[in-house]
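Structure record follows, encoded as structure tokens.
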Amino acid sequence: MRRLFATVGRLLACLLLAIFLLFPLYYAILTSVQSGTDLFRVSYWPTNISFANYSRLWQEQHFAKNVLNSVAVSTCVVAVSLALAIAAAFALSRVRFAGRKMLLYTILGISMFPQVAVLTGLFEMIRLFGIYNNLAALIFSYMIFTLPFTVWVLTSFMRDLPVELEEAALMDGISPLVMVVRIFLPLMAPAMVATGLLAFIAAWNEFLFALTFTLSNETRTVPVAIALITGASEHELPWGGLMAASVIVTLPLIALVLLFQRRMVAGLTAGAVKG
Amino acid sequence: MKRPSLSKERRRAAWLFLTPMLMILSLVAVWPLGRTLYFSMTNATLVDMEHFTFVGLSNYLTYENGRWYGVLSDPQWIASLRNTLIFAVVSVALETILGVLIALLLNTPFRGRGLMRAAMLVPWAIPTVVSAKMWSWMLNDQFGVVNDILLRSGLVSEPIAWLADPTLALASIILVDVWKTTPFVALLALAALQMVPKDCYEAAAISGIHPIRVFYRVTLPLIAPALAVAVVFRMLDAMRMFDLVYIMTGSTETTATLSVFARRELVDFQDVGYGSAASTMVFFIIALLTALYVVAARIDVDGRGR
């Protein structure tokens with residue numbers, strides 16, 4: 001009898017939880033396929049489905065450019081971060097040297113920086129380099145959170161690799177660089193995929209720097225574009241187009257996360273639980 | 001077997017591997033932080049950042065003509081500090097409690113557990129901007145779904161202005177943050193729970209101890225270390241939060257957090273000196289909290305258990 005209560009209770013809890021988690025997305029999709037006056041009425045089921053919001057996004061708002069910008073920035077940031085991080089992770093996890101502990105502390109500390117705290121300094125530097133309102137400014141400034149994160153997680157993973165690998169390599173007399181590329185890199189591939197994806201999502205979602213360092217729609221990334229979406233005219237609510245943009249951006253991300261969920265969760269928990 | 005020349009070569013290689021990363025990190029984090037600190041002691045403006053005078057600590061606090069001036073005496077800054085603290089404490093507390101509860105729910109295998117785990121990742125995968133906009137739309141006072149449900153079910157008689165009312169606005173922001181982040185905490189708690197050896201539960205079941213007692217006496221102490229790390233990271237994240245507040249309620253004073261205040265001074269009012277002082281204050285507060293945690297917990301970074 002107690003068993004039955006427990007099962008029913010669990011079912012109810014799961015149902016409520018699932019509704020709470022998924023309803024906002026469902027409603028966003030619903031809103032995105034309604035247009036004009038339909039938005040002024042609240043509905044819970046799709047009534048008149050229209051893709052006008054989506055077509056307007058593409059034609060008038062040049063949303064495609066924003067998506068391309070985000071893809072370009074995020075990909076570059078992740079590529080550079082991973083390259084730098086894998087080398088740094090090797091040094092931090094496999095070699096004992098003076099100051100290693102302090103360095104790890106400092107890198108962790110940097111990941112705690114509030115982004116506002118470097119805003120003035122970065123603004124000055126970006127103006128100096130002449131890359132204001134340029135994607136390069138974003139690629140550069142995003143390093144402040146992708147580098148510490150990738151270094152930390154990759155170090156954590158690398159630490160767990162067996163020592164025997166290196167001993168075998170040492171006997172063959174190969175240099176550390178070759179050792180990293182030939183031996184560690186293939187083994188770290190899953191961890192790098194997970195970390196890369198997490199860093200990609202972080203770069204994709206970044207808002208403050210993207211808002212402050214870009215000016216025109218040509219250089220805007222997706223988050224800023226979405227935050228600034230306005231309606232087709234003064235009389236129309238912007239929410240239809242807003243939800244359409246949101247859906248376009250969100251569905252691929254969700255698909256990515258669900259596809260790689262086990263790896264990514266491992267990456268996240270490695271940083272925090274083991275860490 | 002010790003080979004001194006080899007370990008020296010390894011150490012040199014290690015520093016070589018570290019240098020590119022360290023260089024970029026110094027350029028993008030350490031130097032700008034220093035510059036912000038420097039500018040906080042000047043009266044520079046955004047329009048002209050090259051001609052300014054040094055004003056010492058007067059952007060922070062100064063007493064002139066019988067009145068206090070400076071960020072620390074600014075009632076709006078103090079309000080933003082209050083907002084930030086309320087946001088951080090309430091949202092982290094809710095996320096931790098709900099996260100642990102959800103983790104407990106998902107700890108035992110049952111049919112559909114994989115689906116639930118996947119569903120949990122959805123709020124986390126959605127970009128913050130999108131979450132903020134989605135919920136802003138649902139909380140819209142005239143056409144929003146939430147008000148519609150409340151009105152139809154008779155729980156309220158008038159539509160509620162979720163984002164306009166000062167108290168409710170902060171509550172709405174906390175709601176969205178909890179919605180977005182509880183899955184993350186739940187996943188961490190789940191990982192910690194699954195590292196607890198099953199024998200503990202079996203022994204407790206045999207002894208006939210009530211499940212709630214088992215939770216408090218056995219489970220909670222075992223997952224406390226991992227939870228503590230999660231709580232600290234979440235607190236530090238919440239204290240520096242910008243995106244949610246800015247997107248849902250703009251830069252208005254009633255809900256501004258420390259970061260929103262600092263950016264408003266810097267970019268909207270173009271006061272580089274004052275804005276940098278506010279930015280530095282955010283940094284100091286976070287640094288203080290971090291230092292407190294490190295002292296309290298003595299993080300073991302080398303992976304050797306203490």
Side-chain angles (χ1 to χ4, degrees), chain A residues 10 13-14 17-18 21-22 24-25 27-28 31 39-40 42 84-85 87-88 90-91 95 97 101 104-105 109-110 112-114 116-122 124-125 140-141 143-144 147 151 159 176 204-205 207-208 212 223 226-227 239 242 246 249-250 253-254 257-258 261 265 269 272-273, chain B residues 10-11 13-14 17-18 20-21 24-25 28-29 31-33 35-36 39 49 105 116 118-123 125-130 133-135 137-138 143 145 148 187-188 191-192 226 229-230 233 236 240 242-243 247 259 262-263 266-267 272 276 279-280 282-283 286 290 301-303:
Chain A
R10 182 186 304 148
C14 282
L17 186 62
L21 292 171
L22 300 175
L25 182 63
Y27 194 68
T31 309
L39 286 170
F40 289 94
V42 180
L84 292 174
F90 172 76
V95 182
F97 55 88
K101 206 169 182 178
L104 273 166
Y105 270 120
I110 290 182
M112 289 293 121
F113 274 20
V116 240
V118 295
L119 210 57
T120 320
L122 276 180
E124 187 194 27
M125 233 189 327
F140 172 63
S141 56
M143 295 279 152
I144 196 177
L147 266 184
V151 168
R159 218 185 284 146
W204 184 273
N205 288 347
F207 185 71
L208 177 57
T212 316
I226 289 184
W239 296 105
L242 202 53
S246 304
V249 162
T250 306
L253 267 179
I254 292 184
V257 170
L258 289 180
Q261 53 173 294
V265 172
T269 51
V273 174
Chain B
R10 275 166 70 84
R11 271 205 295 276
F17 284 178
L18 280 172
M21 188 270 295
I24 303 234
L25 217 52
V28 84
W31 170 255
L33 185 69
R35 286 304 272 175
T36 306
F39 274 112
M49 276 171 84
L105 180 68
M116 282 308 297
M120 276 203 339
L121 286 174
V122 168
I126 297 180
T128 314
V129 185
V130 173
K133 286 294 186 184
M134 276 190 336
W135 277 96
W137 171 230
M138 295 198 333
F143 309 108
V145 158
D148 190 66
L187 285 170
L188 279 178
V229 174
F233 274 108
L236 293 175
R240 56 184 174 161
F242 174 82
D243 300 9
I247 299 169
S259 297
R263 187 184 178 274
L266 187 65
V267 177
V272 170
S276 301
S279 307
T280 316
V282 186
F283 175 76
I286 302 250
T290 313
V301 154
D302 267 313

Check: With a 4.5 angstrom heavy-atom cut-off, which part of A:Met125 approaches chain B: side chain, backbone, both or neither?
Finding: side chain
Notebook entry, point to check: Are any non-hydrogen side-chain atoms of B:Pro127 and A:Thr250 less than 4.5 angstrom apart?
Noted result: yes
Check: Do B:Phe143 and A:Thr31 come close enough that some side-chain heavy atom pair is under 4.5 Å?
Finding: no
Check: chain A heavy atoms under 4.5 Å from B:Phe39: which part of the residue, side chain, backbone, both or neither?
Finding: side chain
Check: Would a 4.5 Å heavy-atom cut-off, applied to side chains only, mark A:Phe207 and B:Thr128 as touching?
Finding: no
Notebook entry, point to check: Where do B:Ala29 and A:Val118 come nearest, in terms of heavy atoms and distance?
Noted result: O-CG1, 3.7 Å
Note to self: Heavy-atom pairs under 4.5 Å with chain B - which of A:Ala28, A:Ala227, A:Ala117 has more of them than the others?
What the structure shows: A:Ala117
Next item on the list: Decide yes or no for A:Leu253 and B:Ile126: does some side-chain heavy atom of the first lie under 4.5 Å from some side-chain heavy atom of the second?
Entry: no
Item checked: Sole residue of A:Leu21, A:Val257, A:Leu25 in side chain to side chain contact (heavy atoms under 4.5 Å, CB included) with B:Val122 -> A:Leu25
Note to self: Under a 4.5 Å cutoff for heavy-atom pairs, which residue among A:Leu119, A:Val249, A:Leu208 has the most contacts with chain B?
What the structure shows: A:Leu208
Next item on the list: Please flag which part of B:Ser259 lies under 4.5 Å from any non-hydrogen atom of chain A: side chain, backbone, both or neither.
Entry: both
Next item on the list: Look up atom CG in B:Leu33 and atom CG in A:Leu122, then write down how far apart they are to the nearest 0.5 Å.
Entry: 10.0 Å
Next item on the list: Check whether any side-chain heavy atom of B:Arg35 lies under 4.5 Å from a side-chain heavy atom of A:Thr120, and answer yes or no.
Entry: no
Checklist line | Rounded distance [0.5 Å steps], CG in B:Leu18 versus CZ in A:Phe90 | finding: 10.5 Å
Item checked: Separation of B:Lys133 NZ from A:Ser246 OG (nearest 0.5 Å) -> 9.0 Å
Check: Out of curiosity, B:Arg240 CZ to A:Phe113 CZ, how far, rounded to the nearest 0.5 Å?
Finding: 10.5 Å
Next item on the list: Answer with side chain, backbone, both or neither: which region of A:Leu242 has an atom nearer than 4.5 Å to a non-hydrogen atom of chain B?
Entry: side chain
Check: So which of B:Val130, B:Thr36, B:Val282 has the biggest tally of heavy-atom pairs under 4.5 Å with chain A?
Finding: B:Thr36
Margin query: Heavy-atom cut-off 4.5 Å, strictly under: side chain, backbone, both or neither for A:Leu258 against chain B?
Written below: side chain
Check: Which region of B:Ala13, side chain (C-beta onward) or backbone (N, CA, C, O), has a non-hydrogen atom less than 4.5 Å from a non-hydrogen atom of chain A, or is it both or neither?
Finding: side chain
Check: What residue, out of B:Ile286, B:Val272, B:Val129, B:Ile24, has the most heavy-atom pairs lying under 4.5 Å from chain A?
Finding: B:Val129
Item checked: OG1 on A:Thr212 to CZ on B:Arg263, rounded to 0.5 Å -> 4.0 Å
Item checked: Contact origin within A:Ile110 toward chain B - heavy atom pairs under 4.5 Å -> side chain
Next item on the list: Over all heavy atoms of both residues, which pair between A:Ala88 and B:Met21 is shortest? Give the atoms and the distance, please.
Entry: CB-CE, 3.5 Å
Item checked: chain A contacts, top residue of B:Leu236, B:Ile247, B:Val145 (heavy-atom pairs, under 4.5 Å) -> B:Val145
Notebook entry, point to check: Do the rings of B:Trp137 and A:Tyr27 sit parallel, tilted or perpendicular, given the 30° and 60° boundaries?
Noted result: parallel
Next item on the list: Identify the two heavy atoms, one from B:Phe17 and one from A:Ala87, that lie closest to each other, and give their separation to 0.1 Å.
Entry: CB-O, 3.4 Å
Notebook entry, point to check: In terms of heavy-atom pairs under 4.5 Å, which option from B:Thr290, B:Thr280, B:Leu266 contacts chain A the most?
Noted result: B:Leu266
